[in-house]
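Below is one structure; the comments refer to it alone.
The sequence lines fix the lettering, A, B, ..., with proteins before strands; numbering per chain opens at 1.
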Number of protein chains: 2
Amino acid sequence: MMNTMEKRPVYLRVRDELADKIVSGIWQANEKLPAERQLSEQFSITRVTARQALVQLEAEGLIFRSNRRGWFVTPQRINYDPSRDIGFVSYVEEQGFSARTETLSKTLVEVPDWVADAGGIARGTPVYEILRRRYINERPCLIEKIYLNPKNCPGLLQHSLNQSLWHLLRTEYQLDPAERDLEIYPQTLDAPVAEALGVNTGSTGLYIRRVCRDQNGEFLEIDEEFWLHNAMKVVVQVSSKSL
Amino acid sequence: MMNTMEKRPVYLRVRDELADKIVSGIWQANEKLPAERQLSEQFSITRVTARQALVQLEAEGLIFRSNRRGWFVTPQRINYDPSRDIGFVSYVEEQGFSARTETLSKTLVEVPDWVADAGGIARGTPVYEILRRRYINERPCLIEKIYLNPKNCPGLLQHSLNQSLWHLLRTEYQLDPAERDLEIYPQTLDAPVAEALGVNTGSTGLYIRRVCRDQNGEFLEIDEEFWLHNAMKVVVQVSSKSL
DNA sequence: AAGTGGTCTAGACCACGTG
DNA sequence: ACGTGGTCTAGACCACTTT
């Protein structure tokens with residue numbers, strides 16, 4: 001029974017009880033929580049209040065929702081280093097998870113203005129655009145949008161892109177990035193991305209943008225990643241530059 | 001009048017109208033939005049629905065709330081490079097904002113276990129712990145918790161710490177970081193941090209952890225930062241390591 | 001004292017996913 | 001067909017901030 005003398009709002013007390021079942025391991029990763037109506041009955045609260053507790057846990061990353069199927073326990077975050085290119089799949093597998101990449105589309109498009117500006121190429125130039133979806137333990141965790149200058153990698157789209165892109169770029173085209181500019185911030189997922197990840201539009205995500213250049217500072221690749229906010233931790237190692 | 005044929009939920013249509021006033025500049029940064037009750041009347045909706053729209057905008061980072069005072073338009077994000085130590089204040093001022101640092105506490109404590117492990121020092125060792133709050137345009141934006149090995153900087157706490165810590169460490173103690181390990185992920189703000197930032201417990205934040213080492217790999221500083229999720233963008237430049 | 005957001009109740013209907 | 005979450009109404013009382 002809950003202590004009714006406690007001043008903490010009801011929804012936070014419910015949150016605490018549910019959080020407890022998760023961190024203590026009573027509810028395992030990917031396990032489905034009881035239905036909202038069931039929870040409200042169990043705690044003698046309205047569904048609105050139950051939802052408030054659930055939304056709070058979602059914000060904390062402890063649970064996630066899948067469309068209209070229900071609420072589930074979030075699996076452990078993976079570590080992710082956007083500055084390395086040893087290959088997503090092997091990197092994730094090193095941590096004991098399974099990973100998979102799926103190519104959603106690969107096309108030649110007119111370069112978006114911001115990509116042209118960030119990459120220092122002329123506006124309107126045609127570039128390769130690759131859209132991929134990546135899974136961790138069969139859960140779709142990020143959408144990736146990649147832009148490449150065809151000048152550097154002609155015929156790239158003929159290859160299968162469900163594997164490490166950098167492995168391909170290195171072995172087939174002798175490309176090697178020397179420097180990367182990263183931009184990272186929390187952002188809500190817009191409709192197309194959210195849909196592709198099977199979550200609600202407007203749910204929280206983490207946005208990562210990566211601009212890779214070669215030794216001459218010439219743009220090699222620009223990559224935008226839209227992650228579920230609870231799927232990973234960014235882990236980067238930076239050496240000091242002499243100024 | 002809103003198009004009632006539209007399938008988009010009401011709260012998202014309200015969101016759109018409010019978002020429009022913000023991005024179009026009709027409502028300026030830090031301006032207060034109309035009261036929830038006023039909005040619900042204006043749009044002929046319940047307060048619950050109005051709140052749903054506001055919470056959505058909050059998640060997107062477009063507005064923020066201040067205790068029970070109301071909802072306000074979020075000012076522009078600053079760029080933040082956790083790999084540099086040119087000084088927070090000057091870095092922010094370069095971008096046209098004002099900045100200020102406030103020391104909340106400075107003490108000698110027994111090293112927390114995770115700090116000892118991450119820093120490679122013996123558990124139980126005494127270390128300096130510094131707690132600071134940083135403002136951008138007089139808005140509290142982050143809480144910083146710093147751990148330092150007193151061996152490297154004896155007497156540090158006698159200095160004023162409302163300024164660039166690394167300037168102090170360099171000029172007074174000849175310390176210079178060679179390498180930094182960064183860990184970055186979205187996380188909700190716990191009670192003490194949220195209170196110190198004047199926001200609700202459980203609101204979204206961005207967590208940054210930084211471990212600085214010298215050339216010999218010895219731990220110099222560990223720093224935990226708890227940011228408002230909408231206050232900044234992480235911007236890091238990484239040079240490729242030869243593997 | 002008045003105004004604000006914070007919390008909560010007790011319902012309802014809808015759209016979608018799963019059997 | 002049924003169970004699920006997604007949305008929404010029309011109220012209420014409380015705690016805190018501002019005037």
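- Checked against C:dT4, D:dT9, D:dG5, the side chain of B:Ile45 finds its nearest nucleotide in D:dT9.
- Listed by chain and number, the residues in a side-chain hydrogen bond (donor to acceptor under 3.5 Å, both in side chains) with A:Ser98 are A:Asn137 (sequence neighbours excluded).
- Going from atom CD of A:Glu36 over to atom P of C:dC14 covers 19 Å, rounded to whole Å.
- Not counting sequence neighbours, B:Tyr128 has no partner by the ring-ring contact (aromatic ring centres under 6.0 Å, His included) test.
- Side chain of B:Arg65, nearest nucleotide from C:dC8, C:dG6, C:dT4: C:dG6.
- Between the CZ atom of B:Arg51 and the C1' atom of C:dT7 there is a distance of 8 Å, rounded to whole Å.
- Rounding to whole angstrom units, CZ of residue A:Arg13 and C1' of C:dC8 are separated by 12 Å.
- As rounded to whole Å, 14 Å separates atom C1' of D:dG3 from atom CG of A:Leu39.
- Applying the salt bridge (Lys or Arg N to Asp or Glu O under 4.0 Å) rule to pairs touching residues 105-114 of chain A yields A:Asp113-A:Arg123, sequence neighbours excluded.
- Cation-pi check for A:Arg139 over A:Phe64 is met; the charged atom lies under 6.0 angstrom from the ring centroid and within 45 degrees of its normal.
- For D:dG11, neither phosphate oxygen OP1 nor OP2 lies less than 4.0 angstrom from any side-chain nitrogen or oxygen of B:Thr46.
- Annotation: ring-ring contact (aromatic ring centres under 6.0 Å, His included) contacts involving residues 182-204 of chain A, sequence neighbours excluded, comprise A:Tyr185-A:Tyr207.
- Looking at DNA chain D, the stems built from 3 or more consecutive Watson-Crick or G-U wobble pairs, each pair with its key distances under 3.5 Å, are C:1-18 with D:1-18.
- No more than 12 heavy atoms of other residues, nucleotides or ligands shown are found within 6.0 angstrom of CD on B:Glu41.
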Across nucleotides 12-19 of chain D, 5' to 3', mark each nucleotide with B, S or - according to how protein heavy atoms within less than 4.0 Å reach it. BB-BSSS-
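- A donor-acceptor contact closer than 3.5 angstrom is absent between the side chains of B:Thr101 and B:Asn162.
- Defined by atom type and a distance below 3.5 Å, a donor-acceptor pair is present between the side-chain atoms of A:Glu60 and A:Gln56.
- Ion pairing between A:Arg100 and A:Glu138 holds under the 4.0 Å rule for side-chain N and carboxylate O.
- Counting to the nearest Å, the P atom of C:dA15 and the CZ atom of B:Arg8 are 16 Å from each other.
- Taking atom CZ of A:Phe72 as the reference point, atom C1' of C:dT18 lies 11 Å away to the nearest angstrom.
- Between the CD atom of A:Gln52 and the C1' atom of C:dT9 there is a distance of 12 Å, given to the nearest Å.
- Look at NZ on A:Lys32: it is 9 Å from C1' on D:dG5, rounded to the nearest Å.
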